[in-house]
Amino acid sequence: MNVLELDKPHEECGVAGIWGGDHTDAAKLLYYALIALQHRGQESAGIVTCDRKGPLGNICMHKGMGLVSEVFAADRLQELRGNIGIGHVRYSTTGASCEANAQPVFLNYLKGTLALAHNGNITNVDAIRDGLQEKGASFSGTTDSEVIAYRIALERLQTPSIEAAVMKTAAELKGGYALLVLSPQKLVGVRDPLGLKPLCLGQTEDGWILASESAAITAVGGTFVRDIEPGETITISAEGLHSDYRLRQEKRAHCVFEYIYFARLDSRIDGIPVYDARIRGGRALARRYPVEADVVTGVPESGLTAAVGYAEEAGIPYRPAFYKNSYVGRTFIKPSQEERASAVHMKLSLLDSVVKGKRVVLIDDSIVRGTTIANLIKMMRKAGALEIHVRISSPPFLYPCYYGTDVPDNSSLIANAMSTEEIRKSIGADSLEYMHLEDLDEMTEGLPLCKACFDNKYPV
């Protein structure tokens, strides 16, 4: 995690699955897909592949700590043989950040083998774990993903197929999740009934891909087909595609932060291009909170598009004011505030001429603790900015998330402890305004949203 991300919410992880023809190199395609999903988790990565030969197949697996490119050297990918597989990138919100908790989870059980990759958070996981123990299961797993995998394996002993076991298990889960389950002959995907976590389907040259975002489909040269519907279980096998909608319900609650921050700019989620949503968010900010200024700029990366939207609506020139050094390695949490501030300067440098002598509108997607934006404002003041008006393309964070987004508890949320005016003074801005809750609906064209971290209305 780089230092700019320390003051941001984090997605838990990203998943991808490949079902290919006889000559498909699943590991290679999964590598490219996971690179495209790297923004969703940078702590660990893993791939499991299988060749579909025989009832048990030939299973290969590798996972480790670090970025996808660090975990999978070329020789390691060559060892992962098979034409079907699943992959995962992780940012931990439950369970320690260690190799033992890297995914996919792989199990040998009485009826065979299965591997599972999971994005999200299960709010009733303790009850499911207790149920496993009551049934005499020998189980020592600590993460949601391990609990789900063991529950599926237990159900598989009593059900006719892996997809039936997945569905029966998913029916017990509460929270947000996108699951991919690999058996030697099938790839199964399931999306939570509320649609909190994204999952989509694409077609490759000789098969299919399931992934957290459409950008991963594009990365492997595939064609986006559609989003997996909330509550849908999709099974891909030699017989083709089969969908089951018995888990579907009327209520929907899509995570708003996919559109504000998490998803890649070139992804499309539930029919909405992420780029367009962020442009609309910036425009809404400009209409609600206009200010006399000379230039509009944004905090890289996810604040930039909203800044373009703000500038277009306000009729103020947009200029990039920060240069992001892409060659600085990941900067982990520093032991002191002084070192964190220094790391910000290493990662971002200011283009002084853009802000010198100017009244600046600075757009960012969120404020969690306030440390990063305060440092950026100091840089701009030092460069000679006359005024700095901060506009945030999300409402204030007031409540934690329980569905797989790492929003800290209330004690770490600056908006929970301070008023907007107090935050303005704390970060050193001339003015500060946040997105209105109602404008989120405009940003996502009326899509039913989960806004619990802003309004305390939890859908589960």
Residues Arg191 and Glu229 bridged, charged N to O under 4.0 Å: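 No, no charged N to carboxylate O under 4.0 Å.
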
Check Glu232 with Arg226, please: is the shortest side-chain N to carboxylate O separation under 4.0 Å?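 Salt bridge: yes.
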
Counting C-beta onward and ignoring hydrogens, is there a side-chain heavy-atom pair between [X] and [Y] closer than 4.5 Å?
| X | Y | result |
| --- | --- | --- |
| Val188 | Thr235 | yes |
| Asn83 | Asp22 | yes |
| Leu440 | Lys451 | yes |
| Leu80 | Phe72 | yes |

Measure the acute angle between the ring planes of Phe257 and Phe262, then classify it against the limits of 30° and 60° as parallel, tilted or perpendicular.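 Rings of Phe257 and Phe262: tilted, as their planes differ by 30° to 60°.
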
Would a line drawn from the ring center of Phe454 to the ring center of Tyr399 be shorter than 6.0 Å?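 Ring centroids of Phe454 and Tyr399 are no less than 6.0 Å from each other.
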
Is the Phe397 to Tyr434 ring centre distance short of 6.0 Å?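 Ring centres of Tyr434 and Phe397 not closer than 6.0 Å.
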
Which atom pair, heavy atoms only, marks the closest approach of [X] to [Y]?
| X | Y | value |
| --- | --- | --- |
| Leu348 | Pro300 | CD2-CG, 3.8 Å |
| Lys457 | Asp455 | N-OD1, 2.9 Å |
| Pro400 | Tyr458 | O-OH, 2.7 Å |

Checking His88 side chain against Ala117 main chain: does a donor-acceptor pair fall under 3.5 Å?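 No, the answer is negative, given that no donor and acceptor are paired below the 3.5 Å cut-off.
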
Short side-chain to backbone donor-acceptor contact, Arg319 and Val295, under 3.5 Å: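 Not confirmed, Arg319 side chain does not pair with Val295 backbone.
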
From the options His242, Lys186, Lys168, select the one residue that forms a side chain to side chain donor-acceptor pair (under 3.5 Å) with Glu163.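 One option only clears the test, and that one is Lys186.
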
Check Arg40, Arg278, Arg268 against Glu258 for a salt bridge (Lys or Arg N to Asp or Glu O under 4.0 Å) and give me the one that passes.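 With Glu258 as partner, salt bridge (Lys or Arg N to Asp or Glu O under 4.0 Å) holds for just one option, Arg40.
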
Can you name the one residue among Glu312, Glu442, Glu445 that meets salt bridge (Lys or Arg N to Asp or Glu O under 4.0 Å) with Arg280?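 Result for salt bridge (Lys or Arg N to Asp or Glu O under 4.0 Å) with Arg280: Glu445.
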
